[in-house]
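Worksheet: one structure, shown below.
Each chain gets a letter, A, B and so on, in the order the sequences are listed, and its residues count up from 1. Note that this is a predicted model, so its numbers are computed, not measured.
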Amino acid sequence: MSRGPLIALIRQGSPMSLTTIASRSASHSPKDVLARRVNGIIIDLTTPTSGDRPSDPVCRADADALPLLRHDTAHVLAQAVSELFSDTALATGPATEHGFFYDFAAEHTFTDDDLVRIEARMHEIVDRDETIVREEWDRETALSWCRENGQPYKAEIIRSLPADAVLSFYRQGGFVDLCRGPHLASTGQIGHAFRLLGTAGAYWKGDRNNPMLQRIHGTACRDADELAAWERCQEEAARRDHRRLGREMDLFHFQPEAPGAVFWHPNGWTLFQTLLAYLRERQQAENYVEINTPDIMDLSLWQTSGHWEKFGENMFTTETEGRTYAIKPMNCPGGVQVFRHGLKSYRDLPLRMAEFGKVHRFEPSGALHGLMRVRAFTQDDAHIFCTPEQMEAETQRICHLVLSIYKDFGFDDVRIKFSDRPEKRVGSDDIWDRSEKALQRGVEASGLSYTRNPGEGAFYGPKLEFVLRDAIGRDWQCGTVQVDLNLPQRLDAHYIGTDGDKHAPVMLHRALFGSLERFIGILLEHHAGHLPFWLAPVQVVVATITVAADAYAHDLADTLRQRGIRVASDLRNEKIAYKIREHSLAKVPLLLIVGKKEEQAGTVSIREYGNPETPTMSTDTAINRLINASYCRLTRVFDV
RNA sequence: GCCCUUAUAGCUCAGUGGUAGAGCAACCGCCUUGUAAGCGGUAGGUCGUGGGUUCAAAUCCUACUGGGGGCACCA
């Protein structure tokens, strides 16, 4: 496709109408060119540019077209709402990562039925193909427009802008909105590939002290195919929802008496324990020791550590015999007590102390979400006590360990965020310099790239965060390394250095999965419930075709069980197709099917998830391969 | 915590002012099974909880609790 004539036209830099472009361009229909880019900045087609700066068209097919379309759809939403509900005040309506929203202030509460009407009106507005015109008003005109039209939020935006700011308004038909732009040339360009998704409350300017507005959000795509693809993706995400899978696979449940706390069922707890065993093995190989500390400790300890002041709102407490205790929201103070117990020498460092501590945090009710956000969870925590000189090497070791572990679970796409000193912090700049450098050198020595998150570190030290991307492209922040030069001092931890003096150790807080509960949720969604063979709570079901094979099946299951395989047998009086369907739906990775033929030949028929073949092989061979696959943590046993 | 929304059988859902329903699952029986649902029967619910309106409430109003979508929060 040649863009030559069109680009030449746009390069002239003068305002032009769409029809002009379209009439002179053989390769673009008017709807294809949405805006143009001058010096990397996207502007309206109709905005004049000075001089002879080159400009390029932004076409519908371009990646940057999507935010433009979505922003315009938000305006059409606002227009539709204004037309249908005249007393509505407008707040803001941007494009977002996945769509758009517009916030409104209205007496009327928008219902689902309203959304249907609003969406229908939006389609009408697109069909009207109203020209979108940019106007620049002076401040007085703008503010009086706000007064006359009942737009207090727009007025507030104007007042927050510098006095000399250019105030641009966009007019489409009878609708006018204060907006920075850029916008398309007409509402018809938007097309019909959009959908309203729902309403929600949202604080004005995101501040909970401000009034709550009504947000209507939706998504828009470049064409119907993309919208259909987006919808399929939504359905896929719903299909993978770990709350649904948890029920279907009988892993866990929640109930009203314990909001935000998990009731693990046998299958779920087996998975949990499998993960724990895995982590223990990896940590042991890295020369960690494991400890366990009390769940409930006197409040004074939490006051000394600083948690009560800094985190008290999120802590549960309990009183008995007139004494106040706190239920631990973090493991670090307990870990420091173990370090403190008995004099430590520099020869003991680095001391890597892991703890699978169950912590409780009061999370606001609105924040709870399945396993992903709970009030009670198990951290795969470790505190590494080391000298300042050891920080870099320890950081490097942790980075390697984390990435290696993620790989074992099928997460290859991992990003690292480096959060440095926040404004509110403890410790001297010198200490921060050293901490940040050590972290940075550690991550760089691992050969890993990272992005910087300025000012996002913890108050006691900088941190690395490991973000993994799942099978359907969602990001999850899991592991973390945090440098802490504060807590050891507060809790009076020290070691004897080579100089014979006491020194405060550096403490590295480190989590691999973060929360076992949450990681299980992520794993379930990543694999859509089809866990790798080595992880599945029930790895194998031995199913019989006829009662004649019961004894054979029983012996087979017994052998596997004794050799460490998680196996169940299904000897029910049911058709084999029925059993297969049931265990397939339960996401058992491997079915061993036996009937008279298998018994006579000493074989099993193998039905593995994802494999259309159902090979038959000798029982001994099958057992050996199974055990090997489980031991080697393979995703599949009998791969095609 | 805030806004909206939602709660009917183990699960998925129907029922919008007048005698609580279906499918699947469970249980019992028949069938004796060859790679994703064989057939028949039985049982199962104070319609989340508490108030209120009404001759009458699963249905309307209200408060609370839990869930969902967002906002805020995420040391």
Side-chain angles (χ1 to χ4, degrees), chain A residues 96 101 103-106 109-112 114-115 197-217 238 241 243-244 247-248 250 253-260 302 305-315 329-330 332 359 361-370 372-375 422 424 456-460 463 465 477 480 482 484 487 509 514-515 518 543-550 571-586 588 591-598 605-609 611-616:
Chain A
T96 62
F101 65 79
D103 286 346
F104 304 98
T109 300
F110 300 121
T111 63
D112 287 349
D114 292 332
L115 289 193
L197 298 172
T199 58
Y203 299 110
W204 167 235
K205 288 182 172 172
D207 185 336
R208 64 177 155 180
N209 299 311
N210 285 338
M212 182 156 272
L213 305 170
Q214 294 187 65
R215 173 167 299 180
I216 296 178
H217 54 101
D241 191 313
R243 295 165 296 190
R244 173 202 183 114
R247 190 171 52 238
E248 288 173 0
D250 196 17
H253 82 270
F254 292 90
Q255 65 185 52
E257 289 80 359
W302 302 100
S305 72
H307 284 84
W308 185 246
E309 185 203 351
K310 186 74 187 169
F311 199 63
E313 279 187 4
N314 293 294
M315 288 168 64
M330 298 184 204
C332 17
V359 296
R361 300 178 184 182
F362 176 77
E363 299 284 354
S365 56
L368 302 178
H369 182 89
M372 303 303 193
R373 190 84 179 264
V374 287
R375 286 180 177 162
K424 283 179 70 176
E456 291 295 310
F459 70 96
Y460 50 76
K463 60 183 177 184
E465 282 156 350
Q477 185 178 307
T480 178
Q482 301 176 9
D484 187 353
L487 199 61
H509 302 245
S515 146
R518 182 163 176 273
T544 48
I545 290 171
T546 157
V547 287
D550 278 6
L571 311 182
R572 290 176 303 170
N573 177 22
E574 295 289 354
K575 303 250 187 309
I576 192 61
Y578 180 87
K579 297 184 184 181
I580 285 169
R581 179 182 152 81
E582 200 164 85
H583 301 303
S584 299
L585 288 175
V588 174
L591 305 183
L592 298 182
I593 292 163
V594 293
K596 276 185 200 158
K597 277 191 290 188
E598 285 76 11
S605 169
I606 290 160
R607 196 177 216 283
E608 184 166 24
Y609 174 76
N611 188 351
E613 309 289 320
T614 56
T616 298

Whole-Å distance separating the [atom1] atom of [X] from the [atom2] atom of [N]:
X: A:Arg572; N: B:rA37; atom1: CZ; atom2: P; result: 14 Å
X: A:Ile576; N: B:rA36; atom1: CD1; atom2: C1'; result: 11 Å
X: A:Leu585; N: B:rA36; atom1: CG; atom2: C1'; result: 7 Å
X: A:Met315; N: B:rC74; atom1: CE; atom2: P; result: 16 Å
X: A:Phe311; N: B:rC74; atom1: CZ; atom2: C1'; result: 8 Å

Going by purine N1 to pyrimidine N3 plus the second Watson-Crick contact, or the G-U wobble pair, all under 3.5 Å, which nucleotide sits opposite [N]?
N: B:rC30; value: B:rG38
N: B:rU59; value: none
N: B:rU53; value: none
N: B:rA22; value: B:rU12
N: B:rG66; value: B:rU6

So, does A:Arg244 get its side chain near the phosphate of B:rU12, meaning an N or O under 4.0 Å from OP1 or OP2?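 Indeed not, no polar side-chain atom of A:Arg244 lies that close.
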Kindly say if A:Tyr578 contacts the phosphate of B:rA25, meaning a side-chain N or O under 4.0 Å from OP1 or OP2.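 So the side chain of A:Tyr578 is within the cut-off, an N or O lying under 4.0 Å from OP1 or OP2 of B:rA25.
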From [atom1] ([X]) to [atom2] ([Y]), nearest 0.5 Å:
X: A:His307; Y: A:Leu487; atom1: NE2; atom2: CG; result: 6.0 Å
X: A:Thr546; Y: A:Leu571; atom1: OG1; atom2: CG; result: 11.0 Å
X: A:Ile593; Y: A:Thr614; atom1: CD1; atom2: OG1; result: 7.5 Å

I'd like to know if the side chain of A:Asp241 and the backbone of A:Ala238 have a donor-acceptor N/O pair within less than 3.5 Å.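 Looks like no, no N/O pair under 3.5 Å.
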Using only atom types and a distance under 3.5 Å, with no angle test, would you say the side chain of A:Lys463 pairs donor to acceptor with the backbone of A:His509?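 No.
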For the [atom1] atoms, the ones on [N] and on [M], what distance do you get once it is rounded to whole angstrom?
N: B:rG48; M: B:rU6; atom1: C1'; answer: 11 Å
N: B:rG21; M: B:rG70; atom1: P; answer: 37 Å
N: B:rC73; M: B:rC3; atom1: C1'; answer: 16 Å
N: B:rG52; M: B:rU42; atom1: P; answer: 40 Å
N: B:rG44; M: B:rU62; atom1: C1'; answer: 32 Å
N: B:rU8; M: B:rC4; atom1: C1'; answer: 22 Å
N: B:rA20; M: B:rU46; atom1: P; answer: 13 Å
N: B:rC60; M: B:rA56; atom1: C1'; answer: 13 Å

Take atom [atom1] of [X] as the centre, draw a 6.0 Å sphere, and report whether it contains more than 12 heavy atoms from other residues, nucleotides or ligands.
X: A:Glu313; atom1: CD; answer: no
X: A:Gln255; atom1: CD; answer: yes
X: A:Arg572; atom1: CZ; answer: yes

Just call it for [X]: base, sugar-phosphate, or nothing, with non-hydrogen atoms closer than 4.0 Å on any strand.
X: A:Lys596; answer: base
X: A:Leu197; answer: nothing
X: A:Glu598; answer: base
X: A:Lys575; answer: base
X: A:Ile593; answer: base
X: A:Thr109; answer: sugar-phosphate

Nearest-nucleotide comparison on RNA chain B, the residue closer to the 5′ end among A:Phe362 and A:Lys597: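 So the residue in question is A:Phe362.
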Under 3.5 Å donor-acceptor pairs involving side-chain atoms of residues 198-206 of chain A, not counting sequence neighbours:
residue, atom, partner, partner atom, Å
A:Trp204, NE1, A:Glu156, OE1, 3.2
A:Trp204, NE1, A:Glu156, OE2, 3.2
A:Lys205, NZ, A:Glu156, OE2, 3.2

Strictly under 4.0 angstrom, non-hydrogen atoms only: write out the protein contact profile of nucleotides 64-72 of chain B, one letter per nucleotide from the 5' end, B, S or -. --S-SBBBB
